[in-house]
Amino acid sequence: MTEYVLAGVAWPYANAYIHAGNVVGAYLPADIFSRYQRLRGRATLMVSGSDAHGTPITVRADQEGVSPEAIYRRYHRSFLDLFQRLGLTYDLFTSTHTANHFKVSQTIFEALRLNDYLFTKREKQWYSVTQQRFLPDRYVEGTCYICGYEAARSDQCDRCGNLLDPTRLINPRSKLDGSTPELRETEHFYLDLPKLEADVRAFLEARAPYWRPHVVQQSLGLIRTEGLKPRPISRDLDWGIPLPLKGWEHKVLYVWFEAVIGYLSAAIEWSTLTGQPNAWEQWWFNPEARTYYFIGKDNIPFHAIMWPAQLIGSGARFEELFTGRAPGRPLVLPYDVPANQFLNLEGCKFSGSRNWALWGLDLLERYDPDPLRYYLTAIMPETRDTDWYWDDFFRRNNDELVATWGNLAHRVLSFTYKHWGQVPEPGPFAAEDEALLETVRAGFHTVGEHLEKVHLRAGLQEAMRLAARVNQYLERRAPWKRIKEDRADAGTILFTALQAIDWLKVLFAPYLPFSSEALHRTLGYTRPLFGRQVVQEVRDALGAHEVLLYDPADATGRWEPQPLPVGQPLQKPKPLFRKLDPALAAEEQARLGEPPADCVGRER
RNA sequence: GGCGAGGUAGCUCAAUGGCAGAGCGGGGGAAUCAUAAUCCCUAGGUUGUGGGUUCGACUCCCACCCUCGCCA
């Protein structure tokens with residue numbers, strides 16, 4: 001029976017470049033997990049895309065005097081570039097600005113409306129007479145009615161820190177042209193969350209035993225203490241997804257509401273692009289399918305509460321509306337939301353505006369992807385906030401990655417290549433040889449168990465522990481000594497070590513795909529472990545968008561201890577990883593901007 | 001202010017009531033296949049603080065301190 005796994009990955013907002021905190025929080029864990037699931041032979045779908053709509057993008061577009069679409073395209077392109085170079089194997093990385101996503105989002109809206117989980121409400125909002133449009137709260141500033149600060153945003157005062165009622169702002173003015181806006185009545189759709197609260201609560205309680213405590217307790221705490229309140233799902237903007245209702249076409253869906261729907265629409269788009277139009281239903285209507293959401297902790301309420309509420313509220317109605325089939329089946333609810341905490345840098349929070357940050361593309365200019373993936377996994381903030389320290393990065397690269405794993409592969413391959421040139425024929429195994437193979441073989445269970453539970457850091461540690469065991473084995477068996485006494489026995493030892501390395505290659509592959517692939521070739525295999533990443537242009541009614549696809553056609557990697565073919569010719573070995581000069585740490589630290597003012601950093 | 005997570009060795013982290021552990025770093029030694037990588041031995045902790053429950057507490061309860069997030 002095929003098992004279905006969907007890895008939904010946080011949708012990066014297309015108004016900024018991606019930094020290491022975004023990568024370690026969501027994108028990298030999703031890739032490690034998905035690569036593992038594919039090796040396990042499960043039908044795996046890792047999907048995400050650029051979040052193209054919403055106010056931050058229109059603000060930026062206004063600042064630069066370009067269209068929101070131009071902003072979104074610029075950053076979207078940089079995302080595709082980064083993901084390919086870092087080896088993040090999205091089955092589909094698309095965008096929310098596609099005809100498909102529009103249709104799916106509008107269908108969810110319609111399903112919720114027909115199921116009576118939406119209502120409308122009239123309210124007053126600031127309206128720009130000069131521009132003839134409603135202004136988002138952050139476009140309006142004026143005098144704070146609490147402290148008298150004259151440059152307060154309409155929804156929040158930066159001096160007294162209070163959240164404000166926008167309609168009470170004194171002397172309001174538009175940040176766009178300085179004109180005086182006026183309050184006008186508008187009407188919006190709301191998601192009736194109180195009606196869905198009991199179901200959402202039951203959903204969370206059922207998953208509490210295995211979810212990360214900080215994810216489920218925070219969500220349940222919120223419901224217990226405050227309960228869920230109705231939340232607006234439409235806005236007066238012209239950049240976004242129009243409401244699919246007569247008389248409402250000039251309003252768009254609120255970005256919080258439609259972006260999460262991308263997990264569903266991306267699965268559908270993937271099905272279309274790969275020529276299997278109904279395949280997505282295996283992940284979305286099959287109650288056995290497991291859907292995981294890889295996000296940062298700032299996104300927890302949207303994935304643990306709002307998105308489940310949208311799915312529950314749409315229920316079977318979605319299938320009926322979207323496919324015309326009745327009765328429909330309910331949409332699959334999240335199986336797990338393994339949200340990560342935050343990554344800090346040298347003891348201080350990331351700050352893009354101060355350049356206190358590690359930009360993904362910038363890191364890749366100077367470092368290979370696997371060392372970055374290794375370090376990011378080693379410090380992955382699975383249970384609490386963690387820190388990137390440059391000296392720690394060099395230390396872990398040199399003393400752990402190069403020393404334990406890279407050196408192990410290189411010492412065995414170099415010696416065998418020099419004396420045999422191929423995988424040696426083993427003679428009778430000694431008890432020690434058998435014991436080593438058994439130890440590494442068990443790694444498929446022990447490392448796999450960690451990966452199943454999305455304990456990625458622990459899985460990597462376990463794989464490293466096994467690599468160290470092979471080093472120990474080599475010290476005791478000392479094939480470099482043995483070859484002078486008994487060449488056949490030396491061959492047995494090296495066969496054993498090569499077999500162990502061949503398996504370790506697979507255990508490391510989800511984490512370090514580039515070096516595992518290189519090692520795979522050195523060991524004489526000709527077909528790759530993983531598939532390829534492809535960029536493709538897709539045309540639709542909204543124009544064209546570029547997507548990143550994963551083509552698994554050539555992938556041969558499997559999460560099981562397969563036999564290493566005796567006599568397989570070896571390639572000339574090259575070191576898997578480069579040793580780095582630790583003195584560069586100071587250079588990297590100097591490259592950073594000023595730390596945020598409220599941060600003292602690490603005492604060293 | 002409310003809700004939640006976290007605070008364990010120099011560093012990064014394990015350990016859900018049963019002798020507080022691993023890796024790295026520090027100290028000593030062995031080996032020479034390997035990118036001076038590796039292997040063995042070793043030092044190092046009043047588990048944030050103060051109480052409580054228990055035969056027994058890192059673990060459960062109460063209060064407080066610190067860090068972070070969400071909400072107001």
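Just so it is clear: chains get the letters A, B, ... in the order the sequence lines come, proteins before strands, and each one is counted from 1.
When distances are taken from the side chain of Thr225(A) to each of rA34(B), rU35(B), rG2(B), the shortest belongs to rG2(B). In the set rC40(B), rA5(B), rU8(B), rU8(B) carries the atom at the smallest distance from any side-chain atom of Arg384(A). Comparing rA5(B), rU38(B), rA14(B) against the side chain of Arg457(A) picks out rA14(B) as the nearest. In this structure, of rU35(B), rC3(B), rC68(B), it is rU35(B) that holds the atom nearest to the side chain of His410(A). The side chain of Pro575(A) lies closest to rU35(B) when the candidates are rU35(B), rA31(B), rG2(B). Among rC13(B), rG4(B), rA34(B), the nucleotide with an atom closest to any side-chain atom of Gln217(A) is rG4(B).
Considering only side-chain N and O atoms, Thr386(A) lies nowhere under 4.0 angstrom from the phosphate OP1 or OP2 of rC11(B). An OP1 or OP2 oxygen of rG69(B) is reached within less than 4.0 angstrom by no side-chain nitrogen or oxygen of Gln341(A). Contact annotation: Lys349(A) side-chain N/O to rU67(B) OP1/OP2 distance is not under 4.0 Å. For rA30(B), the OP1/OP2 oxygens have no side-chain nitrogen or oxygen of Arg476(A) closer than 4.0 Å. At rC13(B), none of the side-chain N or O atoms of Arg396(A) fall inside 4.0 Å of OP1 or OP2 (strictly under the cut-off).
Contact annotation for Ile223(A): no contact, since no heavy-atom pair falls under 4.0 Å across all strands. Contact annotation for Ala458(A): no contact, since no heavy-atom pair falls under 4.0 Å across all strands. In this structure, Phe577(A) reaches the bases: a heavy-atom distance under 4.0 Å links it to at least one base atom across the strands shown. Contacts of Thr383(A) with the nucleic acid, taken as non-hydrogen atoms under 4.0 Å apart, involve only primed sugar atoms and P, OP1 or OP2.
Under the Watson-Crick or G-U wobble criterion, with both distances below 3.5 Å, rC60(B) is paired with rG52(B). Remark: rA22(B) base-pairs with rU12(B); criterion is Watson-Crick or G-U wobble with both hydrogen-bond distances under 3.5 Å. The partner of rG6(B) is rC66(B), by the rule that a Watson-Crick or G-U pair needs both atom distances under 3.5 Å. rG1(B) and rC71(B) make up a base pair, with Watson-Crick or G-U wobble contacts both under 3.5 Å.
The aromatic rings of Tyr263(A) and Trp307(A) sit tilted relative to each other, their planes meeting at an angle between 30° and 60°. The aromatic rings of Trp390(A) and Phe394(A) are tilted relative to each other, their planes meeting at an angle between 30° and 60°. In this structure, Phe429(A) and Phe495(A) have tilted ring planes: the angle between them lies in the 30° to 60° band. The aromatic rings of Phe415(A) and Trp420(A) are tilted relative to each other, their planes meeting at an angle between 30° and 60°. Classification of the His303(A)-Tyr293(A) ring pair by plane angle, with boundaries at 30° and 60°, yields tilted.
Side-chain contact between His450(A) and Tyr36(A) is absent, with no heavy-atom pair separated by less than 4.5 Å. In this structure the side chain of Tyr511(A) never reaches within 4.5 angstrom of the side chain of Met464(A), judged on heavy atoms.
If you take CG of Asp392(A) and P of rG10(B), they are 16 Å apart, rounded to a whole angstrom. Distance, Trp420(A) CH2 to rC33(B) C1': 11 Å, rounded to whole Å. Rounded to whole Å, the distance from CD on Gln218(A) to P on rG6(B) is 12 Å. Going from atom CG of Asp385(A) over to atom P of rC70(B) covers 10 Å, rounded to whole Å. Summarising the geometry, the separation between CG on Leu343(A) and C1' on rG69(B) is reported as 15 Å, rounded to the nearest angstrom. At whole-Å resolution of the value, CG in Leu228(A) and P in rA72(B) are 13 Å apart. The nearest whole Å value for the distance from the CD atom in Gln461(A) to the C1' atom in rA14(B) is 8 Å. The distance from atom NE2 of His303(A) to atom P of rC70(B) is 15 Å, rounded to the nearest whole Å.
Of the residues near RNA chain B, Ile379(A) and Leu408(A), the one whose nearest nucleotide (by heavy atom distance) lies more toward the 5' end is Ile379(A). Between Arg224(A) and Gly406(A), the residue whose closest nucleotide on RNA chain B is further toward the 5' end is Arg224(A).
Spacing of P atoms, rA9(B) relative to rG48(B), comes out at 8 Å, to the nearest Å. Nucleotides rC70(B) and rA36(B) place their P atoms 47 Å apart, quoted to the nearest Å. Rounded to whole Å, the separation between the C1' atoms of rG56(B) and rG17(B) comes to 8 Å. Between rG4(B) and rC64(B), the two P atoms lie 14 Å apart (nearest whole Å). Distance check on atom C1': rG51(B) versus rA57(B) gives 14 Å, rounded to whole Å. Between rA15(B) and rA22(B), the distance separating the two P atoms is 15 Å to the nearest Å. Taking atom C1' on both nucleotides, rG23(B) is separated from rU8(B) by 15 Å, rounded to a whole Å. Rounded to a whole angstrom, the distance from the C1' atom of rC58(B) to that of rU16(B) is 10 Å.
The nearest pair of heavy atoms linking His419(A) to Arg487(A) is O-NH2, 2.9 Å.
In this structure, the aromatic ring of Trp480(A) is positioned over the six-membered ring of the base of rC33(B), centres within 5.5 Å and planes within 30°.
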